[in-house]
Amino acid sequence: MDLIDSLNEAQRNAVLATEGPLLILAGAGSGKTRVITHRIAYLIKEKGVSPYNILAITFTNKAAREMRERVEALLGGEARDIWIMTFHAACVRILRRDIEHIGYSRSFVIYDASDQLTLLKNCIKELDLNEKLYDPKAMLSAISKAKDKMIGPDEYAKAYGEDFRNKKIGDIYRLYQDKLKKNNALDFDDIILKTIELFKSNPEVLDYYQRRFKYIMVDEYQDTNAAQYQLIKLLSSYHQNLCVVGDDDQSIYGWRGADIRNILDFEKDFKNTKVIKLEQNYRSTKQILEAANEVVANNKGRKAKKLWTANDDGTPITVYTAADEHDEAEYAIMRILEGVAQGKSFGDYAILYRTNAQSRVFEDVLNREGIPYKMVGGLRFYDRKEIKDIIAYLRVLQNPLDDISLRRIVNVPRRGIGEGTLSKLDESAAKRGISLYDAMMECDDILPGRTARTIGKFVEMMSELMAVKEVATVTQLINEVLDRTGYIKELEKDDSEENQSRIQNLQEFLTVAQEFENKSEDKSLQAFLENISLVTDVDNLDENEDAVILMTLHGAKGLEFDNVFLVGMEEGVFPLSRAMLDEAQLEEERRLCYVGITRARKKLYITHALQRNIYGSVNYNPVSRFVEEIPEHLIEHEGYEAGGVSRSERKYIAATAEPRRTGTLFTQDQGDFGVPLTHRHKRDRSAVKFTEGQKVQHAKWGIGTVVEASDSEVVVVFDSVGSKRLAVDFAPLKVIE
DNA sequence: GAATAAATTGTTTTT
DNA sequence: CAATTTATTC
């Protein structure tokens, strides 16, 4: 029984309790992934369960991949048949087989947020409503909220129909849903909802999956919404072997419809539930864990638990008070360089922030210092304009009913098909109840000859590409699209830096397609497009790469790092100002903070700035209440005005600060601040001397030659990026010759 | 119909 | 401040 020998008692009980409903309350770092993987392996190896009968739901594709790898390691290669995937991936797989039962075609496409918004704007226009009064973004979030709670257009009208505005919102909702169907498209919420609809209207389909999935496990259960709950309930009701794992203290997706009651009420909803708590933390030091416990203890309405650890005491948490956001970034990066000089790797560090906008300053400094970093989130690769354009082409080829994508690319690159022509076509399509593409195929009688010929040429090109699609691989098809549409030629016309980077991105896209073909079993265009829709940035994060990681706190869920920086810890930034008014939202922010603290294994840095620019205007934010909730004996202060100082004094200090010098890192004299500094931006590396002609190795830019050297600066010509001026004291440079 | 200039608007977090 | 939308001109 080596499978369970390595586990502690609670973990072992969780693995052995295979039958019936099981709720595992797993604190941060308590080895829950370990429990799930061992449980799966135990079911297969010891209980003789077929891999085919197991369904494991994870929160991200990355978690799914890792879980599969770990199960395979325990089992020795029998993990292929297990369904280990996200809710969305599982549902898409189910829908792909049987969606025709509910009136969609199997070549359906998945709309992302921006497609949704375009579609919604069309709806508002069609209903003659004012976008000012019915803000598309607000409408979309209202619809999404309704969908998360499984309220369809009819129920919405019934529930909110009294009020005039809500009645209109209901109309928008209904039209939006109709249009999705006309376009043969699903939005993200639909992926779950339509699966439930399929199950409810086709009992034989449900029956098949109910019988098949004898054992179901759901990870990150605290972040499931009502629809996902319903889905799980349906799937598990036959065998009743449902195991959910979660931590109410880590519920951070309430805004996305996650319902914390799913976990709090699990015992009520499933009779004879066994509850197991995992309370030993294996990840963090005692000091970090205590800080986390103390912060989250300020929340009400949580399940009682007390995380403990047998790990070392560790070092205190460093709280750094920065003059402003630039100083904050420079401090963090100085500490990273210092650590690296002592033998740590860049990959041991993560910088976590509340909003993506905060990443910029850190990127600037990292770039300037030539430190390798990887940023997760922000503008996704697939959200870039040129990539979205090509995807839109592919979508139309896959699903010609997709008017939204068709409209996006019909005049990209320019073909002289303008707004006037398109609205005529729209009108004709609406009148005849056909798609835009079909209207284009028969447009001779509504358009003047010249325009009709232009449209005809476009339709001809598209139908040729559709023929190519039937015989070519995805990569070949993309190449054909880039070539025949003249997309690349258009970019080559003017070789601005922007266009060059677009071409590079398109090449990267081809690489992605090639990789997909190499790895994936199903190599169809449909599968490729699905893959793109469901994969996120975090999924592609490679932790073995030696680079500093930048991401939002949400993105960091489920990850861990030796050294973590929690930055921007100020009232109004974290917690966000809009969350400060509402108790429930504030508690969610606090849980997010708990998640952040518990990502750190060894060392936690917390930073906040006295002064910060937010949309062009200066803000003076007091330190975050969450920092004040950490007991003082766990903290070591650094930076400006380490002691307590009133808010107005802070404002004075920040306002009278010398303007920052741009230029080299950490060399400016910041002494005249009215208060003694407890920390100076200087690192002792003066022993290193560079001379002209030396070969040096840089952490990010590789090998280069020193062409100019002084006591404080060197100019190095790198083989890869050309010449750079660097600060001797801080650049990650090694002499190699 | 398309390119440029001006004006306006708004920011969580993401499967 | 920056990104997006709208107005203006060619």
Side-chain angles (χ1 to χ4, degrees), chain A residues 57-64 85-92 110-114 116-118 121 131-132 135-138 140-141 144 147-148 186-193 219-220 223-225 227-228 251-258 325 352-361 376-380 382-383 385 411-423 450-451 454 494 530 532-539 551-558 568 572-580 582 585-586 588-589 591-593 595-596 612-619:
Chain A
I57 299 288
T58 59
F59 192 69
T60 64
N61 297 294
K62 176 168 180 277
M85 51 188 97
T86 62
F87 271 111
H88 296 271
C91 287
V92 165
I110 298 163
Y111 275 0
D112 68 15
S114 70
Q116 290 181 52
L117 208 59
T118 323
K121 282 181 187 162
E131 280 201 11
K132 294 256 149 58
D135 172 42
K137 274 193 185 136
L140 201 58
S141 92
S144 180
K147 285 185 170 186
D148 286 338
L186 302 184
D187 68 16
F188 250 91
D189 302 313
D190 279 350
I191 293 175
I192 312 289
L193 288 180
D219 194 9
E220 307 282 10
D223 289 321
T224 52
N225 63 29
Q228 290 163 338
S251 164
I252 54 174
Y253 284 94
W255 49 275
R256 210 171 72 187
E325 69 268 28
L352 308 180
Y353 35 79
R354 178 66 240 265
T355 61
N356 280 305
Q358 288 166 261
S359 69
R360 264 189 92 124
V361 197
V376 178
L379 187 65
R380 278 173 66 232
Y382 297 121
D383 285 339
K385 192 162 141 259
N411 203 28
V412 181
R414 307 230 146 69
R415 307 186 167 92
I417 304 174
E419 212 29 65
T421 310
L422 282 170
S423 53
R450 203 166 68 99
T451 326
T454 318
D494 134 47
E530 266 163 24
I532 286 172
S533 305
L534 299 180
V535 158
T536 63
D537 263 8
V538 196
D539 294 328
M551 63 179 143
T552 63
L553 286 153
H554 284 87
K557 190 169 88 154
V573 179
F574 186 33
L576 280 173
S577 48
R578 359 174 18 165
M580 284 162 38
D582 179 86
Q585 283 185 53
L586 187 65
E588 181 150 316
E589 296 279 305
R591 291 193 291 271
L592 190 56
C593 180
V595 168
R612 178 181 299 274
N613 270 33
I614 297 173
Y615 343 103
S617 61
V618 186
N619 287 56

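Keep in mind that what you see is a predicted model, and the values were worked out from it rather than measured. Naming convention: chains lettered A, B, ... in sequence-line order (proteins, then strands); numbering from 1 in each chain.
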Applying a 4.0 Å non-hydrogen cut-off, can you work out what N613(A) is touching in the nucleic acid: base, sugar-phosphate, or nothing? nothing

At 4.0 Å (heavy atoms only), tell me whether G377(A) reaches a base, stays on the sugar-phosphate, or touches nothing. nothing

Can you measure [X] atom [atom1] to [N] atom [atom2] for me and round it to whole angstrom units?
X: M580(A); N: dT12(B); atom1: CE; atom2: P; result: 15 Å
X: K385(A); N: dA3(C); atom1: NZ; atom2: C1'; result: 13 Å
X: D135(A); N: dT8(B); atom1: CG; atom2: C1'; result: 14 Å
X: D189(A); N: dT15(B); atom1: CG; atom2: C1'; result: 9 Å
X: L117(A); N: dT4(C); atom1: CG; atom2: C1'; result: 12 Å
X: N225(A); N: dT15(B); atom1: CG; atom2: P; result: 14 Å
X: H88(A); N: dT15(B); atom1: NE2; atom2: C1'; result: 4 Å
X: K137(A); N: dT9(B); atom1: NZ; atom2: C1'; result: 9 Å

Closest to side chain of [X], choosing from [options]:
X: T421(A); options: dT13(B), dG1(B), dT15(B); value: dG1(B)
X: R414(A); options: dT12(B), dA2(B), dG1(B); value: dA2(B)
X: T552(A); options: dT13(B), dT15(B), dA2(B); value: dT13(B)
X: R360(A); options: dA2(C), dT14(B), dA2(B); value: dA2(C)
X: W255(A); options: dT14(B), dT12(B), dA2(B); value: dT14(B)

Heavy-atom check, side chain of [X] versus side chain of [Y], under 4.5 Å:
X: E220(A); Y: T58(A); value: no
X: E530(A); Y: H88(A); value: no
X: L592(A); Y: F574(A); value: yes
X: D187(A); Y: K147(A); value: yes

Measuring only the C1' atom in each nucleotide, how far is dT5(C) from dT12(B)? A whole number of Å is fine. 23 Å

Take the angle between the ring planes of H554(A) and Y253(A) and call it parallel below 30°, perpendicular above 60°, tilted in between. perpendicular

Any stacking of F188(A) on dT15(B), going by centres under 5.5 angstrom and planes within less than 30 degrees? yes

Stacking check: are the rings of Y253(A) and dT13(B) less than 5.5 Å apart at their centres and under 30 degrees in tilt? no

Give a yes/no on whether any side-chain N or O of [X] is located under 4.0 angstrom from OP1 or OP2 of [N].
X: K121(A); N: dT5(C); result: yes
X: N411(A); N: dA2(B); result: yes
X: N356(A); N: dT13(B); result: yes

If you pin I417(A) and R578(A) to their nearest nucleotides in DNA chain B, which one's is more 5'? I417(A)

Between L422(A) and T355(A), who's closer to the 5' end of DNA chain B by nearest nucleotide? L422(A)

Taken to the nearest 0.5 Å, the spacing of Y382(A) OH from S533(A) OG works out to 9.5 Å

